[in-house]
There are 2 protein chains.
Amino acid sequence: MRGLHADTGYLLYRLGLRSGQLFNAFLQESGLRLRHYALLRFLATSKGALQRELSSRLGYDPSAIVGLVDDLEKLGFAERRPSPDDRRSRIVVLTADGRAFLRDTDEAGLRVTNDLLQPLDPAERETLHTLLQRIADTELNS
Amino acid sequence: MRGLHADTGYLLYRLGLRSGQLFNAFLQESGLRLRHYALLRFLATSKGALQRELSSRLGYDPSAIVGLVDDLEKLGFAERRPSPDDRRSRIVVLTADGRAFLRDTDEAGLRVTNDLLQPLDPAERETLHTLLQRIADTELNS
DNA sequence: CAACAACTATTGACGTCGACAATTATTGCT
DNA sequence: AGCAATAATTGTCGACGTCAATAGTTGTTG
């Protein structure tokens with residue numbers, strides 16, 4: 001009978017949980033959660049996105065996006081702007097404060113990942129990242 | 001500004017979620033969830049375990065173990081037996097039905113992981129597994 | 001051009017999950 | 001004998017994922 005850790009899929013599941021825990025611990029003092037942080041990071045690369053784009057790219061349900069953007073607006077890290085083309089849509093953009101927050105926490109975020117990958121040397125980390133990226137590219141079609 | 005997928009920790013988080021989703025989808029028809037399956041798989045390698053062992057090895061809270069074992073008992077896949085040494089403890093063992101269930105679903109479980117790792121060739125899968133295993137060994141101290 | 005299908009954001013409901021405190025029964029310590 | 005520590009259990013709370021339903025808007029097409 002195969003053991004649990006013989007299964008790469010299960011390992012991914014377990015380490016994914018652990019990674020999320022570490023991220024949330026680091027974000028705790030800022031009052032955000034991993035989901036907010038992911039959304040901010042995505043906005044930082046996109047110059048504004050429709051909520052439905054955020055939903056499909058981040059993999060969260062549209063109804064979840066609503067609350068996340070609400071929270072970020074309250075903190076002044078993001079804004080909803082009306083779309084000129086389509087009055088149904090709102091365009092979510094990063095504010096200057098949001099960008100500053102990302103800049104200030106960037107280093108701490110890197111430390112979380114470094115912590116997790118501690119047992120691997122730099123070349124191995126690169127390899128791991130490349131392999132995961134390949135899976136993510138086809139699996140999350142991003 | 002770094003993109004989302006520039007961060008290995010975040011990639012792990014996302015792919016871990018995806019892996020869990022795939023596992024749960026495969027388990028749906030059996031009425032179990034990933035947590036039950038993990039517990040069963042662990043029992044299959046252990047010849048009986050105290051619930052507190054299950055808790056520490058699987059990383060679930062002791063209070064979560066209670067419900068999981070309840071469910072598995074209802075399905076006849078596991079049993080609680082009194083511990084001869086310590087009347088506080090119960091020893092959880094796999095039943096014949098539980099073992100049969102694992103045997104019947106083993107192939108489907110492998111297919112889930114194969115599905116996820118599709119973009120990687122066999123050598124790459126082996127590399128990925130080894131790297132993840134190294135992280136898991138130090139991070140989940142198992 | 002009027003009716004209808006499709007889409008965007010939003011709200012609400014429901015079950016699951018993870019983390020924690022509290023309780024009961026039992027054991028170990030001293 | 002008394003008290004701290006432990007195993008299992010129950011209950012609670014917030015976060016989370018999924019799904020259904022709605023309002024407002026756009027696109028289509030008969």
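Throughout, protein chains are lettered first and strands after them, A, B, ... in sequence-line order, and every chain is numbered starting at 1.
- With hydrogens and angles left out, the side-chain atoms of A:Tyr37 and A:Arg33 include no donor and acceptor closer than 3.5 Å.
- Taking 3.5 Å as the limit, the base of C:dC7 and the side chain of A:Ser89 contain no donor-acceptor pair of atoms between them.
- Put simply, OH on B:Tyr60 is 11 Å from P on C:dA19, counting in whole angstrom units.
- Looking at B:Leu32 and B:Phe101, their side chains come closer than 4.5 Å, going by heavy atoms from C-beta outward.
- With hydrogens and angles ignored, the 3.5 Å screen pairs a side-chain donor or acceptor of A:Arg125 with a backbone N or O of A:Leu120.
- For the OP1/OP2 pair of C:dT8 and a distance below 4.0 Å, the side-chain nitrogens and oxygens of A:Arg52 include at least one atom meeting the criterion.
- For the pair A:Asp70 and B:Asn24, both in contact range of DNA chain C, the more 5′-proximal nearest nucleotide belongs to A:Asp70.
- A heavy atom lying under 4.0 Å from DNA chain D marks the following residues of residues 78-87 of chain A, by number: A:Asp86, A:Arg87.
- Nearest nucleotide to the side chain of B:Pro62, out of D:dT9, C:dA19, C:dA9: D:dT9.
- Residue B:Arg33 places its side chain closer to C:dC17 than to any other of C:dC17, C:dG12, D:dT10.
- The backbone N or O of A:Pro119 lies less than 3.5 Å from a partner atom in the side chain of B:Arg134, making a donor-acceptor pair.
- Between the P atom of C:dC17 and the CG atom of B:Leu27 lies a distance of 11 Å, rounded to the nearest Å.
- At a cut-off of 3.5 Å, with distance as the only test, a side-chain donor of A:Asp61 or A:Ser63 sits close to an acceptor on the other residue.
- Note that CD of B:Glu79 is 7.0 Å distant from CD of B:Glu73, once rounded to the nearest 0.5 Å.
- Put simply, CD1 on A:Ile65 is 16 Å from C1' on C:dC7, counting in whole angstrom units.
- Taking atom CG of residue B:Leu54 and atom P of nucleotide D:dA7, one finds them 13 Å apart after rounding to whole Å.
- Panel note: side chain B:Thr105, backbone B:Ala108; no donor-acceptor pair is recorded below 3.5 Å.
- With hydrogens and angles ignored, no donor-acceptor pair closer than 3.5 Å exists between the side chain of A:Arg88 and the base of C:dT8.
- Distances were taken from every side-chain heavy atom of A:Val66 (C-beta onward) to each of D:dT9, D:dT18, C:dA9; the shortest belongs to C:dA9.
- To the nearest angstrom, C1' of C:dC17 lies 12 Å from NE2 of B:His36.
- As a whole-Å value, the separation of A:Leu68 CG from D:dA15 C1' is 11 Å.
- For B:Arg14 and D:dC16, the CZ to P distance is 14 Å, given to the nearest whole Å.
- B:Gln51 has its CD atom 10 Å from the P atom of D:dT10, to the nearest Å.
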